[in-house]
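These notes concern the structure reproduced below.
The first residue in the sequence is number 1, and the count goes up from there.
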Amino acid sequence: MGEWSWPSEAQLNGIRQTVSEMAGRGIEDVRVVVSPYRICPLGAHIDHQGGTVSAMTINKGILLGFVPSGDTQVILRSGQFKGEARFRVDEVQCPRKNANDGSEIEIDEESDWGSYARGALYALQSGQNSLVQGIIGYIIGPEGMDSSGLSSSAAVGVAYLMALETANNLAVSPEENIEYDRLIENEFWGLRNGILDQSAILLSSYGCLLCMNCKTKEHKLIHPPKLGENHETEWQKAYKILLAFSGLKHNLTVNPGYNRRVAECQEAAAVLLHASGDGAAEPLLSNVEPEAYQTHKHILEPNLAKRAEHYFSENMRVSKGFEAWASGRFEDFGTLISESGLSSIQNYECDPSKGSWRIWSTVQWCRI
């Protein structure tokens with residue numbers, strides 16, 4: 001980890017200039033939302049079951065420059081996609097996915113890449129917010145890093161939420177925006193993921209490891225230990241984070257494998273809860289006591305047994321990982337990441353050949 005280098009002043013000025021020309025407004029009127037990508041060292045694929053996860057943001061992500069439009073019109077351009085997205089904040093937005101069967105619902109859109117802005121409007125409308133002001137905006141992310149496993153979709157959703165909220169003078173807490181972005185992913189897109197991604201984006205702090213209990217929503221920042229008088233420099237030299245992109249991209253909203261594995265986790269939870277006499281509880285693995293899992297795991301079908309094993313073993317790795325991070329045992333932390341990756345492959349059965357790359361395939365920790 002080096003000095004925070006993103007966004008650069010040149011990047012910010014370039015975005016301000018673009019929006020200024022789009023809107024015919026002064027550069028000083030342009031606001032820029034900085035919405036970083038995230039990594040999940042430990043806690044892969046357990047947030048949707050209410051597990052505890054770790055996360056931190058990186059110095060790459062989404063930049064959204066905007067000004068209030070002066071009316072209800074939303075006008076958006078992208079640095080990566082062609083065309084212009086236009087709609088109005090007084091239009092009622094409907095989910096892209098049918099909640100009953102997951103089939104796509106057709107929406108009259110000028111540009112598909114603008115759908116996340118519509119999703120942000122959908123979430124804010126669902127929260128009974130009154131929006132009367134649109135935005136004129138320009139959004140851009142790092143070249144080639146969309147759909148790369150770093151939560152670009154959550155970063156885009158959070159950026160649009162914050163821009164629309166600012167334009168309409170809405171005071172919204174990070175915790176509320178975590179819920180709004182969940183509505184974008186779960187309801188608007190029909191993706192059954194958890195709250196890891198948006199929590200990392202909205203709650204992380206430089207140099208810290210975010211601890212997020214996805215069941216209770218309790219969270220805290222864990223600092224590495226102070227190593228000496230120059231501790232900030234020393235701990236930054238104690239490890240490096242390597243992000244390696246396979247070149248394969250994966251859009252989870254159109255891939256049925258993600259939702260299928262979530263359903264398998266819930267099916268395993270239902271079996272275990274029923275066997276332990278708690279069948280009325282919500283079928284989430286976080287509602288299964290570890291002792292009940294150990295007692296009844298033998299009755300699970302092979303696929304369900306693998307999903308449950310990943311959840312309970314990953315929760316243990318997360319707990320050990322927080323202890324290792326807080327005490328500066330970065331080699332131990334890296335070993336746990338390797339074990340997490342192996343479980344993601346063998347038990348959660350992510351398929352790297354189809355681009356389903358998460359933290360276990362993109363992050364290495366090196367002692368130097």
Side-chain angles (χ1 to χ4, degrees), residues 40-55 99-102 175 178-179 182-183 185-187 190-199 210-220 222 252 256-324 336-351 356 358-360:
C40 171
L42 293 167
H45 315 298
I46 65 172
D47 60 329
H48 52 72
Q49 295 301 296
T52 299
V53 300
S54 71
N100 295 321
D101 59 14
E175 290 77 11
I178 289 171
E179 173 62 14
R182 186 196 66 78
L183 293 176
E185 302 276 2
N186 292 177
E187 294 189 9
L191 185 65
R192 299 172 64 182
N193 58 339
I195 61 171
L196 160 64
D197 301 343
Q198 58 268 52
S199 297
L210 174 67
C211 169
M212 182 72 179
N213 184 318
C214 296
K215 181 179 180 179
T216 66
K217 311 297 191 300
E218 294 176 338
H219 56 86
K220 61 182 177 180
I222 301 179
L252 296 180
Y258 187 95
N259 281 353
R260 183 177 65 248
R261 283 188 288 272
V262 175
E264 289 169 344
C265 289
Q266 293 178 329
E267 187 177 348
V271 171
L272 293 168
L273 287 166
H274 179 77
S276 60
D278 197 14
E282 184 179 3
L284 295 174
L285 287 169
S286 59
N287 287 331
V288 179
E289 294 294 334
E291 296 79 7
Y293 166 65
Q294 292 296 333
T295 300
H296 302 292
K297 64 180 181 180
H298 65 280
I299 67 176
L300 293 171
E301 296 177 2
N303 269 2
L304 305 188
K306 289 180 180 180
R307 306 299 181 262
E309 174 60 26
H310 175 72
Y311 173 85
F312 285 100
S313 64
E314 188 71 357
N315 254 335
M316 287 295 296
R317 283 186 289 271
V318 171
S319 179
K320 293 178 181 178
F322 287 136
E323 294 177 5
L336 290 166
I337 291 177
S338 297
E339 293 174 0
S340 172
L342 190 61
S343 181
S344 291
I345 296 170
Q346 295 180 342
N347 294 321
Y348 202 74
E349 295 186 301
C350 293
D351 186 355
S356 182
R358 305 298 285 179
I359 197 67
W360 48 267

Applied to residues 261-293, the ring pair (Phe, Tyr, Trp, His ring centres under 6.0 Å) test, sequence neighbours excluded, yields Tyr293-Phe312
Taking atom types as modelled and ignoring hydrogens, do the side chains of Ser343 and Glu309 form a donor-acceptor contact shorter than 3.5 angstrom? no
Between Ser54 and Cys40, what is the shortest heavy-atom contact and its length? O-SG, 3.3 Å
Verdict with reasoning, Thr52 to Met212, per side-chain contact (heavy atoms from CB on, under 4.5 Å): CA-CA 6 Å; Thr52 299; Met212 182 72 179; over 6 Å; no
Rounded to the nearest 0.5 Å, how far does CD of Glu323 lie from CG of Leu336? 10.0 Å
Ala275 to Ile299 - nearest heavy-atom pair and separation: CB-CD1, 3.7 Å
Are Glu349 and Lys306 within salt-bridge range, i.e. N to O under 4.0 Å? yes
Distance in Å, Asn213 CG paired with Ser286 OG, rounded so as to fall on 0.5 Å steps: 8.0 Å
Quick note, side chain to side chain donor-acceptor pair (under 3.5 Å) partners involving residues 294-304, not counting sequence neighbours, are Gln294-Lys297
Kindly determine whether His48 and Tyr258 satisfy side-chain contact (heavy atoms from CB on, under 4.5 Å), including the steps that lead there. CA-CA 11 Å; His48 52 72; Tyr258 187 95; 3.8 Å; yes
From Leu285 atom CG to Cys265 atom SG, the distance as rounded to the nearest 0.5 Å: 5.5 Å
Between the main-chain N or O of Ser313 and the side-chain N or O of Asn347, is there a donor-acceptor pair closer than 3.5 Å? no
Hey, are Arg307 and Gln49 close enough side-chain-wise for a donor-acceptor pair under 3.5 Å? no
What's the separation between atom CD1 in Ile178 and atom CG in Leu196, rounded to the nearest 0.5 Å? 10.5 Å
Kindly write out the residues that satisfy salt bridge (charged side-chain N to carboxylate O under 4.0 Å, His left out) with Lys320, not counting sequence neighbours, or none if the list is empty. none
Could you grab the distance from atom CD1 of Ile46 to atom CG of Leu284, nearest 0.5 Å is fine? 12.5 Å
Is a donor from one side chain sitting under 3.5 angstrom from an acceptor on the other, for Asp47 and Asn193? no
Taking Glu314 for the side chain and Ala44 for the main chain, is one N or O donor matched with an acceptor at less than 3.5 Å? yes
Arg182: partners by salt bridge (charged side-chain N to carboxylate O under 4.0 Å, His left out), with sequence neighbours left out: Glu179
Taking all non-hydrogen atoms of both residues, which atom of Val53 and which atom of Cys214 are closest, and how far apart? CG2-SG, 3.9 Å
Distance in Å, Leu210 CG paired with Phe322 CZ, rounded so as to fall on 0.5 Å steps: 7.5 Å
Tightest non-hydrogen contact, residues Leu300 and Ala268, listed as CD2-O, 3.8 Å
Pairing residues for Tyr348 by the ring pair (Phe, Tyr, Trp, His ring centres under 6.0 Å) criterion, not counting sequence neighbours: His45, His310
Using only atom types and a distance under 3.5 Å, with no angle test, would you say the side chain of Ser276 pairs donor to acceptor with the backbone of Leu273? yes
Passes side-chain contact (heavy atoms from CB on, under 4.5 Å), Asn259 versus Leu191? Steps please. CA-CA 7 Å; Asn259 281 353; Leu191 185 65; 3.8 Å; yes
Any salt bridge (charged side-chain N to carboxylate O under 4.0 Å, His left out) involving residues 270-282? Give me the pairs, sequence neighbours left out, ordered by first then second residue. none
